[in-house]
Amino acid sequence: MIAAALHILCLLPLTTQIMRRNPQRDIWLFLSIFVAAAGTVIVLGLTGEEVQSRGFTAALHWSELSVILIFGGLVICNGPKQIWRLAGYIGGYLLAFGGVAAVFNVFEPVADASVTEPVLYSGWLWVHIGTSLVTYALVTLSAIAAMGYVVQEDALKNRRPNRWSRRLPPLRDSEQMLVSFLKWSAWVLVIGIITGFALRQVEGQSLLYLDHKMLLTLLGFAVICGLIFIHEKSTLRGRMAVRFVLGAWLLLTLAFPGVRFVSGYLIG
């Protein structure tokens, strides 16, 4: 519980970025990102949750860390236009994940399943884990940009900009971000799918058998590719694009932490 409380406290500075009157890419933003990353690393160290663990809370914490690191890297490198304006919303998302992890950590099964030999010593495993985390982080950032798009669009349609919409990136920038993040995630997910099948061969499983995780991952990949294709070939914009993004995020959430939750608490 101490680790969970410390983790949540470390996420608060990033979340409170949403309350700033004039959000800026300054030292306070950088410090809040660093504190959030450090707090997540500390809780992982205190709980001993390894990246190859198949536990539900481990999946939440490692996905949080991947989101923080990729977002922080983009902010530091001055990546997509005004992505730093999403800091408070990303902090809120991470805070929600941290709260869920804190609650379920109390009921975490004692015998936490983990991968075993020979998979543990296979290079395919680490590439697969890395690509899975990066893919989920990119789709998460795309989903948050999509929600920002909805808030900004509603404010413009009603001609009533509010304090929330003024803190968000411009509408065009949000749309560019949600599409570009999905494009990056599609390339990374291709590697994740290939390594996933390679791991099945290492484990001696049939390559033709599709479990829930692989099926949901393939469906998420299809949704992502569908949005990219339609966006490039037509004028798919606005709410329809947002629905595609949120659909892809939901499928990958069910495929990554969702499968861990089912196997750990409902089946296990």
Side-chain angles (χ1 to χ4, degrees), residues 14-15 17-18 23 25 29 33 63-64 66-94 96-97 131-157 161-162 164-190 192 216-257:
L14 183 61
T15 307
Q17 290 290 320
I18 199 173
R25 180 176 170 271
L29 175 61
I33 294 173
S63 63
E64 285 180 67
S66 62
V67 171
I68 296 170
L69 293 179
I70 292 179
F71 172 70
L74 291 172
V75 171
I76 293 171
C77 297
N78 201 15
K81 292 181 179 180
Q82 300 192 45
I83 186 175
W84 45 270
R85 286 184 173 272
L86 296 175
Y89 295 86
I90 292 171
Y93 167 87
L94 296 173
F97 259 46
T131 53
S132 298
L133 289 173
V134 172
T135 298
Y136 188 67
L138 290 173
V139 174
T140 296
L141 292 176
S142 180
I144 294 173
M147 296 307 298
Y149 180 97
V150 172
V151 174
Q152 192 72 282
E153 185 185 48
D154 284 342
L156 291 176
K157 281 185 176 180
N162 51 54
W164 306 113
S165 64
R166 292 190 183 97
R167 295 185 175 103
L168 288 167
L171 201 63
R172 183 176 179 82
D173 290 346
S174 294
E175 183 181 4
Q176 289 178 347
M177 277 190 284
L178 70 90
V179 174
S180 62
F181 285 144
L182 276 190
K183 288 181 178 179
W184 296 347
S185 69
W187 286 107
V188 180
L189 188 53
V190 168
L216 290 168
T217 301
L218 291 174
L219 287 174
F221 180 69
V223 171
I224 292 172
C225 291
L227 172 59
I228 295 172
F229 178 80
I230 297 173
H231 187 271
E232 294 295 331
K233 299 297 182 180
S234 66
T235 57
L236 178 63
R237 297 292 187 272
R239 296 299 179 96
M240 186 59 66
V242 169
R243 292 190 185 99
F244 270 84
V245 172
L246 296 180
W249 176 83
L250 177 60
L251 287 170
L252 292 181
T253 299
L254 293 174
F256 185 38

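Only a predicted model underlies this, so the values are computations on that prediction, with no experimental measurement involved.
Annotation for Gly88 and Gln17: closest pair N-CB, 4.0 Å, computed over non-hydrogen atoms. For the pair Leu252 and Thr217, the tightest heavy-atom approach, listed with the atom from each and the gap, is CD2-CA, 4.2 Å. What you find for Leu171 and Glu153 is that their closest heavy atoms are CD1-N, 3.7 Å. Here the shortest heavy-atom pairing between Ala137 and Ile70 reads CB-CD1, 3.6 Å. The shortest non-hydrogen separation linking Leu246 to Ala143 is CD2-CB, 3.9 Å. Heavy atoms only, all atoms of each residue included: Leu178 and Ala146 are closest at CD2-CA, 3.9 Å.
Proximity of Phe181 to Val245: side-chain heavy atoms (C-beta onward) are nowhere separated by under 4.5 Å. A 4.5 Å side-chain heavy-atom check between Ile83 and Met177 finds at least one atom pair inside the cut-off. Side-chain contact check for Trp84 versus Gln82: some heavy-atom pair is nearer than 4.5 Å. Counting heavy atoms from C-beta on, the side chains of Thr131 and Leu189 never come closer than 4.5 Å. With contacts defined as side-chain heavy-atom distances shorter than 4.5 Å, the pair Ile224/Val139 qualifies.
Proximity of a side-chain donor or acceptor of Thr135 to a complementary backbone N or O of Ser132 within less than 3.5 Å is not detected. With hydrogens and angles ignored, the 3.5 Å screen pairs no side-chain donor or acceptor of Glu175 with any backbone N or O of Tyr149. Remark: the backbone N or O of Val75 is paired with a side-chain donor or acceptor of Arg25 at under 3.5 angstrom. Not a single donor-acceptor pair under 3.5 Å links the side chain of Ser142 to the backbone N or O of Leu138. Remark: the backbone N or O of Ile18 is paired with a side-chain donor or acceptor of Arg167 at under 3.5 angstrom.
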With side chain to side chain contact (heavy atoms under 4.5 Å, CB included) as the criterion, how do Phe71 and Leu94 come out once you've worked through the C-alpha distance, each side chain's angles and the decisive distance to 0.1 Å?
CA-CA 12 Å; Phe71 172 70; Leu94 296 173; over 6 Å; no

Go through the steps for Leu251 and Phe221 under the test side chain to side chain contact (heavy atoms under 4.5 Å, CB included), then give the verdict.
CA-CA 9 Å; Leu251 287 170; Phe221 180 69; over 6 Å; no

Might you work through the side chain to side chain contact (heavy atoms under 4.5 Å, CB included) test for Trp184 and Val134, ending with a clear yes or no?
CA-CA 10 Å; Trp184 296 347; Val134 172; over 6 Å; no

Run the numbers on Phe97 and Tyr93 for ring-ring contact (aromatic ring centres under 6.0 Å, His included), then give the verdict.
CA-CA 6 Å; Phe97 259 46; Tyr93 167 87; 4.6 Å; yes

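Interatomic distance, Ile33 CD1 to Ile68 CD1, rounded to the nearest 0.5 Å: 9.0 Å. Distance check: Thr15 OG1 to Ile90 CD1 gives 10.5 Å after rounding to the nearest 0.5 Å. Residue Ser174 holds its OG atom at 11.5 Å from CD1 of Ile144, rounded to the nearest 0.5 Å. For the atom pair OG (Ser66) and CD (Glu64), the distance works out to 9.0 Å, reported to the nearest 0.5 Å.
If you check the side chains of Tyr136 and Ser185, you find no donor sitting under 3.5 Å from an acceptor.
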